[in-house]
Amino acid sequence: MEAFTTLNGLVAPIDRPNVDTDAIIPKQFLKSIKKTGFGPNLFDEWRYLDKGEPGQDPASRKPNPDFVLNQPRYAGASILLARKNFGCGSSRESAVWCLTGVGIRCVIARSIADIFRENCLQNGLLPIELSGAAMDLLQAQVIQIDGSQAFFVDLPAQIVRAPNGETFAFEISASDKTRLIEGLDEIGMTMKHESEIVTFEQNIRASMPWMQEARDRRL
């Protein structure tokens, strides 16, 4: 996955609580196990005025001009500003693939659902939780500046800097921070210990040869 260190990007505000994964990517579009191709259907029921079908050309649909991601001032946003309990609902990883598919690399919210948060970490998207007061200030700034100025997110320093220069610290575990900075999912983190794993397996085979013999008979 793509590593994350710092990000200087425009922000799009989703100013509503309890945004679930079915709102992020409606179930009818879950027709692929690939990580790509979901972006056009991100927030589909909010983004378009007509009902979409899998495989339909997005250019043939009627966009909702009032939805934030359809407004020119938020074009190219790479940071999503949300409210509490973002990403609740089902555990579909494609909800994160939708966000990364349109260039979102960071979600900042009052709170983020646990499984959604883990899916973010597995796909190089930084989930940040800030206090309600901080979120109110950031939402107000985004609306005031019309999305035309960038926020700066510094993962090594664990800060978000708003356009007015105000900074907000955020918490993240050391292990989650490491895997984002190094661009490693859980398999990648495990493979960092490949030599130790190989040595362990060799020692087991040497000390318990009967286990290997039993395995060979099953095969």
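All heavy atoms count here, side chains included; hydrogens, waters and symmetry mates do not.
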Out of curiosity, does [Y] fall in the hydrophobic cluster containing [X] (side-chain heavy atoms, cut-off under 4.5 Å, transitive links)?
X	Y	answer
L69	W46	yes
L42	L49	no
L137	V11	yes
I181	V153	yes
F4	V102	yes

Determine, stepwise, if the pair R83 / D136 fulfils salt bridge (charged side-chain N to carboxylate O under 4.0 Å, His left out). CA-CA 9 Å; R83 290 294 188 176; D136 288 341; 2.7 Å; yes
Could you walk me through whether Y74 and V142 pass the side-chain contact (heavy atoms from CB on, under 4.5 Å) test, one step at a time? CA-CA 10 Å; Y74 299 120; V142 169; 3.9 Å; yes
Test applied, side chain to side chain contact (heavy atoms under 4.5 Å, CB included); reference residue, F152; option that passes from I79, T167, V160, N8: N8
Minimum heavy-atom separation for [X] and [Y], please, with both atom names.
X	Y	value
L121	M1	O-CE, 3.3 Å
A77	I104	O-CD1, 3.4 Å
I24	A95	CG2-O, 3.4 Å

Around atom [atom1] of [X], are there more than 12 heavy atoms of other residues, nucleotides or ligands at under 6.0 Å?
X	atom1	result
K84	NZ	no
E166	CD	yes
D114	CG	no

State the [atom1]-[atom2] distance between [X] and [Y], to the nearest 0.5 angstrom.
X	Y	atom1	atom2	value
F67	E45	CZ	CD	11.5 Å
S131	F170	OG	CZ	14.0 Å
N119	T21	CG	OG1	9.5 Å
I108	I128	CD1	CD1	4.5 Å
L126	I172	CG	CD1	5.5 Å
L180	Q122	CG	CD	9.5 Å

Could you verify whether a donor N or O on one side chain and an acceptor N or O on the other, from R92 and S90, lie under 3.5 Å apart? yes
Can you see whether S173 engages D176 through a side-chain donor-acceptor pair at a distance of less than 3.5 angstrom?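 The answer is yes; a qualifying pair exists.
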So, the side chain of [X] versus the backbone of [Y]: is there a donor-acceptor pair under 3.5 Å, distance only?
X	Y	result
N64	R47	no
E182	R179	no
Q28	E53	no
D50	K62	yes
D15	Q139	no

Apply side-chain contact (heavy atoms from CB on, under 4.5 Å) to residues L7 and S78 and explain how you reach the verdict. CA-CA 8 Å; L7 175 64; S78 57; 3.8 Å; yes
Can you tell if the side chain of D20 reaches within under 4.5 Å of the side chain of F116, non-hydrogen atoms only?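 In short, these two side chains do not touch, never coming nearer than 4.5 Å.
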Pair Y48-N70, side-chain contact (heavy atoms from CB on, under 4.5 Å): steps then yes or no: CA-CA 9 Å; Y48 301 101; N70 290 338; 5.9 Å; no
Between the side chains of [Y] and [X], is the shortest nitrogen-to-carboxylate-oxygen separation below 4.0 Å, so that they form an ion pair?
X	Y	value
K34	E93	no
E2	R105	yes
D44	R61	yes

Output the rest of the hydrophobic cluster of I25: all Ile, Leu, Val, Met, Phe, Trp and Tyr residues reachable through side-chain heavy-atom contacts under 4.5 Å, sorted by chain and number.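 F29, L30, F38, W97, which link up through side-chain heavy atoms under 4.5 Å apart, make up the rest of the cluster.
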Under the salt bridge (charged side-chain N to carboxylate O under 4.0 Å, His left out) criterion, do E129 and R117 qualify, and how do the steps go? CA-CA 10 Å; E129 294 182 342; R117 181 181 184 280; 5.3 Å; no
Can you list the steps and then say if D154 with R161 is a salt bridge (charged side-chain N to carboxylate O under 4.0 Å, His left out)? CA-CA 8 Å; D154 187 330; R161 187 168 69 240; over 6 Å; no
